[in-house]
Protein chains: 2
Amino acid sequence: MDTISNKVDAKGRVSLPADYRAIVKDLSSEIVCYRSLSLPCIEGCLEETLDKLASDIETSTDFFSETQDNLTNLIFGDAKRFPFDSTGRILLSEKLLKHAQITTEAVFVGKGRKFQIWNPENWEKEEARIRAEALKNRPSLQPKEER
Amino acid sequence: MDTISNKVDAKGRVSLPADYRAIVKDLSSEIVCYRSLSLPCIEGCLEETLDKLASDIETSTDFFSETQDNLTNLIFGDAKRFPFDSTGRILLSEKLLKHAQITTEAVFVGKGRKFQIWNPENWEKEEARIRAEALKNRPSLQPKEER
DNA sequence: CAATTTCCCATGATATACCATATACATGTT
DNA sequence: AACATGTATATGGTATATCATGGGAAATTG
């Protein structure tokens with residue numbers, strides 16, 4: 001999956017890039033979005049992905065566990081279903097847009113089973129950061145003819 | 001799923017958010033609410049969820065099941081059915097409202113199989129607390145999210 | 001019979017579904 | 001290679017349906 005930038009209109013509507021939609025659509029007609037815990041971006045995935053995470057938590061802790069309580073609150077309290085309209089758009093909420101500082105342009109970044117939605121400037125910085133990080137951790141990948 | 005704030009009128013009536021209702025309604029026309037054991041909020045779920053909890057504990061071989069048994073009894077003693085009116089509202093009792101310190105505004109927080117109802121200010125604090133906690137413990141969650 | 005509770009209808013606000021246009025992309029043709 | 005044509009996507013706007021909420025009528029209770 002690649003990185004695609006789409007416009008966000010005054011109502012907060014964005015087209016989910018066609019490539020993303022194709023993967024999602026026959027499985028279900030809606031996706032689930034929530035604020036990233038550690039980054040200023042929106043995360044999206046299929047509902048089944050969240051369900052799986054939830055049942056993982058349920059089986060690893062008991063009904064009265066405080067950890068479980070916190071996690072389910074965090075995940076399900078923040079996540080929301082976003083159905084598509086007939087042209088393949090979703091209507092993002094104020095809360096999500098604000099968290100990701102998105103106003104008129106949204107960048108979709110594929111992450112395998114999930115994807116992220118960024119403000120263009122923030123994504124640019126984040127990508128640079130990730131690249132720098134990757135190079136630092138894998139010196140062998142660095143071009144040698146540089147010098 | 002999702003967190004939604006609705007008004008509580010003078011009679012103690014609140015609309016159950018539409019998204020919540022959709023999941024509940026065809027299963028049964030009423031939900032079950034009770035005071036949270038550990039937090040200043042109301043918890044709600046389907047009756048079948050409580051039934052499942054009870055039978056899970058009956059068949060459990062867990063060493064601590066006696067403690068859980070007691071907790072379950074506490075919940076059952078407190079729980080009460082709340083039917084909807086024709087517009088999808090429930091009438092919360094004085095006891096529940098007082099426990100959650102709710103007067104004019106009620107915040108619904110999704111938790112997957114159940115949900116909580118909070119006083120807005122209390123929820124704000126609680127959410128901040130949970131987020132901070134989750135960030136601290138993030139390393140253990142990370143592997144699951146990554147994939 | 002008074003007081004409380006339950007039920008139902010009316011309204012305004014909001015979100016959703018639908019339709020129309022514009023843009024980009026790919027395909028095939030001259 | 002350039003153009004034209006067709007298809008699929010993206011974007012903008014409007015009508016419609018749904019929901020939250022307030023008020024009041026009917027039913028119930030003490």
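Quick note on labels: first sequence line is chain A, next is B, and so on, each numbered from 1. All values below come from the heavy atoms of this structure, side chains included, with hydrogens, waters and symmetry mates left out.
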How many Å lie between [atom1] on [X] and [atom2] on [N], as a whole number?
X	N	atom1	atom2	result
A/Leu92	C/dA15	CG	C1'	14 Å
A/Arg81	C/dA15	CZ	C1'	17 Å
A/Asp85	D/dA10	CG	P	12 Å
B/Glu30	C/dC7	CD	C1'	16 Å
A/Phe82	C/dA15	CZ	C1'	12 Å

[X] (side chain) donor-acceptor with [Y] (main chain) under 3.5 angstrom:
X	Y	value
A/Asp78	A/Arg35	yes
A/His99	A/Ile42	no
A/Tyr34	A/Cys45	no
A/Asp85	A/Arg89	yes

- Note on the structure: Per-nt protein contacts along nucleotides 17-30 of chain D (heavy atom under 4.0 Å; B base, S backbone sugar-phosphate only, - none) come out as --SSBBBB------

- Query: Do other residues, nucleotides or ligands put more than 12 heavy atoms under 6.0 Å from the CZ atom of A/Arg129?
  - Reply: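 More than 12 within 6.0 Å, yes.
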
- Task: Please round to the nearest 0.5 Å and tell me the distance separating atom CD1 of B/Ile117 and atom OG of B/Ser5.
- Result: 11.5 Å

